[in-house]
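Worksheet: one structure, shown below.
Naming: A, B, ... by sequence-line order, numbering from 1 per chain. It should be emphasised that the depicted structure is a prediction, and the values quoted were computed from it without experimental measurement.
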There are 2 protein chains.
Amino acid sequence: MGPTIKDVAKKANVSTATVSRILNDLPGYSKETKEKVMKVIEELGYQPNAVARGLVSKRTQTIGVLFPDVSSMFSSEILNGIEDTAHELGSSVIVCNTDRDGKRTMKYLQLLQEKRVDGVIFTSEVLTEEYYETLMDMQVPVVLVSTASYRYPLPYVKVDDKHAAYTATEYLIQNGHTQIAMISGRKEDPIAGAPRVEGYKQALSDYGIPIHEESIVYTDGFGFQQGQESFPRIAEKLPEVTAVFAASDEMAVGAMSAAYQLGIQIPDQLSIIGYDNLKIAEMSIPPLTTVAQPLYQMGEVAAKLLNEMLRTGSSVESRIMPHHIVERCTVKRMK
Amino acid sequence: MGPTIKDVAKKANVSTATVSRILNDLPGYSKETKEKVMKVIEELGYQPNAVARGLVSKRTQTIGVLFPDVSSMFSSEILNGIEDTAHELGSSVIVCNTDRDGKRTMKYLQLLQEKRVDGVIFTSEVLTEEYYETLMDMQVPVVLVSTASYRYPLPYVKVDDKHAAYTATEYLIQNGHTQIAMISGRKEDPIAGAPRVEGYKQALSDYGIPIHEESIVYTDGFGFQQGQESFPRIAEKLPEVTAVFAASDEMAVGAMSAAYQLGIQIPDQLSIIGYDNLKIAEMSIPPLTTVAQPLYQMGEVAAKLLNEMLRTGSSVESRIMPHHIVERCTVKRMK
DNA sequence: ATGAAAGCGCTAACAG
DNA sequence: CTGTTAGCGCTTTCAT
């Protein structure tokens, strides 16, 4: 193996304590010894052992992050923000792909516990009691991203889903649309499901537009396929619709794909607005108008909050992140 | 803090050695003691400390993975494969976003060394001498993904870029195209640049089609924007072109976007084939025909190779992964 | 089958 | 300013 702090101490004729002090720049050594030690470190190519350090300091400078699907554009953008920030703050991140599987999630939580990570960021899934319990056991700070829990007092960072959905729908209305359908995710999803539907309804209601339950199609996810499959249903049943609000960009793009197959021109014959502002939104044809979630920043903020909790030992406030409409080319101005 | 092995030992009236043996199922204890100990472990909610274990065993069950851009669809697919496999094999993965920055990469390499990761996977970038040196210092197995080094003897897993480009071009030819342009990445890129251009040229040449250097446009990356920006140049200069081979799906989609702006119908007026088979390929309108790289499997294989090297201590063979055409809707059959 | 004891490489009192 | 000495929690000879 490589040289240890002992080797350095010996060669520099000092104690390991002194070397340690220098390494952690704690007070207690002369300029000369520091120089001498640094030189030896250089010569030996000494690299401190973070594992040993972690054993005594009880800090591993590592955080764990759980994603339902690391390879999704959604998750990877958040990961990017977390990683950049954690790195800046001197921590590494261990990624965990839960695959939306309870068993697997629990296994990961346990793993993270054994690895003694300093904290964990839990994203996009609903926090079950089981998760919460073991998270509490771990005795480490936790922050939720793109999810929240009403039952458990954990800080979260997310946009206001209802509000964002309201904004999206309102945008459609302000562009002259009144026959607006919605492609929703899972009805039962307490985070990305129901609230967005509520926001949609609220906007219609506030603008005096009647709400028709048949205008909402519920799916079992937020993917391209769900959008693609559900669009024909609305195209067929609701021919009078001029605009649709999709609860995710992937669904929006799926819907556009289906519309294309059906020979429906977007935005000429039908307007569509998405939700998320993933990379794909600007790459679609035509580019997708959408309500943006600041995913990168959400990751960034989460990492910072975690760090803050670590540093101060106290808890922090949740953060409602701002959302905003990104106007591109899929919504037509009516009238 | 939580209970330690000592607490377990004491409460079970055995030595820590025995508990350790049971935990690692090594021989040397009766069925009765095992049961007794397991019960205590349960009662105490004992969780072994992987940090302490790592200190003595010199294995952290953690690997480091470097990506130029974690949030790209390309990287995240590879990450997914690595993560799933590493997890199956009992390891965690620390992700490092190098941002294509030499300094940052070096910092990460150093960090991984301090953290005593068991191995590292280096992806998509060219391996400089500096990287190689410190990687060697680390004394841990390394595998390259989607890149390779002719100077240094490290195992890699990638497709045969020249061959894959050949296949893509050949597909166009077999569909009756003879006026074929190419949108390439950086000319100097020894992995994804030159080889793909060579494959393209070789295919033309093998089929007796004259090669025009002007039919190749070089860009400074593989992104959507590069494709979008360079397409107009070929549309303008080479009106006779009926098909284009883009060296990445993102570029292909960018090109399609530009074509759309220009009112050029795909595939009716122009065919296009991409490279990678990212998720976006099936989400584009129309769905993109492309030559697929098995990204997930590449990650999977890399993780397995790394594990193999760790297990046996010996080196392994590189893997050329199979590529294949995914026929979708952007290539028109001529004549 | 089981225990005692020596570390792994580092930090952190406590002495000087 | 600097060294000595305990550990951190675990594994691993070496005895018994």
Side-chain angles (χ1 to χ4, degrees), chain A residues 1-38 40-41 44-62 90 111 113-118 138-140, chain B residues 1-38 40-41 44-62 90 110-111 113-118 138-139:
Chain A
M1 289 302 297
T4 71
I5 198 175
K6 243 178 183 162
D7 300 320
V8 174
K10 194 170 296 170
K11 186 158 182 192
N13 284 313
V14 296
S15 69
T16 61
T18 297
V19 178
S20 176
R21 288 190 190 99
I22 293 174
L23 254 27
N24 301 287
D25 42 31
L26 296 175
Y29 47 81
S30 67
K31 202 173 172 184
E32 295 76 50
T33 42
K34 172 165 183 178
E35 277 164 7
K36 186 172 51 179
V37 169
M38 292 309 279
V40 173
I41 286 178
L44 258 35
Y46 167 74
Q47 296 282 136
N49 182 327
V51 178
R53 178 178 286 169
L55 181 58
V56 12
S57 72
K58 270 111 173 59
R59 279 287 170 86
T60 53
Q61 309 291 22
T62 304
L111 191 78
Q113 183 166 17
E114 294 190 5
K115 290 241 160 102
R116 299 300 192 263
V117 295
D118 297 335
M138 292 176 70
Q139 311 255 43
V140 298
Chain B
M1 289 302 297
T4 72
I5 198 174
K6 241 176 184 165
D7 301 320
V8 174
K10 193 170 296 172
K11 187 159 182 190
N13 284 314
V14 295
S15 69
T16 61
T18 296
V19 178
S20 175
R21 289 189 189 99
I22 293 173
L23 251 29
N24 300 285
D25 42 31
L26 296 174
Y29 48 82
S30 67
K31 200 172 174 183
E32 295 77 50
T33 42
K34 172 166 183 173
E35 278 164 6
K36 185 173 50 180
V37 170
M38 292 308 281
V40 173
I41 285 178
L44 258 34
Y46 167 74
Q47 297 282 135
N49 182 327
V51 178
R53 178 179 285 170
L55 182 59
V56 12
S57 72
K58 270 108 173 59
R59 278 289 169 86
T60 52
Q61 309 291 20
T62 304
Q110 192 153 319
L111 192 78
Q113 183 167 17
E114 294 190 5
K115 291 240 160 107
R116 299 300 192 262
V117 295
D118 297 334
M138 293 177 70
Q139 310 256 40

With sugar-phosphate meaning primed atoms plus P, OP1 and OP2, does [X] contact a base, only sugar-phosphate, or nothing at under 4.0 Å between heavy atoms?
X	value
P48(B)	sugar-phosphate
V14(B)	sugar-phosphate
S20(B)	base
T4(B)	sugar-phosphate
N13(B)	sugar-phosphate

Is the shortest side-chain N/O distance from [X] to OP1 or OP2 of [N] below 4.0 Å?
X	N	value
T16(B)	dT11(D)	no
K58(B)	dG9(C)	yes
S57(A)	dC10(C)	no
S15(B)	dA4(C)	no
S30(A)	dT2(D)	yes

Distance, rounded to the nearest Å, where [X] contributes [atom1] and [N] contributes [atom2]:
X	N	atom1	atom2	answer
K6(A)	dG9(C)	NZ	C1'	8 Å
L23(A)	dA12(C)	CG	P	12 Å
K10(B)	dA4(C)	NZ	P	12 Å
E35(B)	dA1(C)	CD	C1'	15 Å
Q47(B)	dG9(D)	CD	P	14 Å
I22(B)	dG9(D)	CD1	C1'	17 Å
N49(B)	dT11(D)	CG	C1'	13 Å
Y29(A)	dA12(C)	OH	P	14 Å

Q. Any chance NZ of K10(B) has more than 12 other-residue heavy atoms, nucleotides or ligands included, within less than 6.0 Å?
A. no
**Q.** Side chain S57(B), main chain R53(B), donor-acceptor under 3.5 Å
**A.** yes
Q. Counting N and O atoms only, with roles assigned by atom type, does the side chain of K115(A) sit under 3.5 Å from a partner on the main chain of T60(A), one being a donor and the other an acceptor?
A. no
Q) Can you find a heavy atom in the side chain of I41(B) that is under 4.5 Å from one in the side chain of I22(B)? A) no
Q. Any side-chain heavy-atom pair from Q110(B) and Q47(A) closer than 4.5 angstrom?
A. yes
Proximal nucleotide (of [options]) relative to the [X] side chain:
X	options	value
L55(B)	dA13(C), dC10(C), dC8(C)	dC8(C)
R21(B)	dA12(C), dG9(D), dT13(D)	dT13(D)
I5(B)	dC10(D), dG3(C), dG9(C)	dC10(D)
N24(B)	dG3(C), dT11(D), dC10(C)	dT11(D)
V56(B)	dT11(D), dT2(C), dA13(C)	dT11(D)

Q: Can you see which heavy atom on V51(B) is nearest to which on N49(B), and at what distance?
A: N-OD1, 2.7 Å
Q.
Regarding dG9(C), can its base be found pairing with the side chain of R116(B) as donor and acceptor, where the two atoms are less than 3.5 Å apart?
A. no
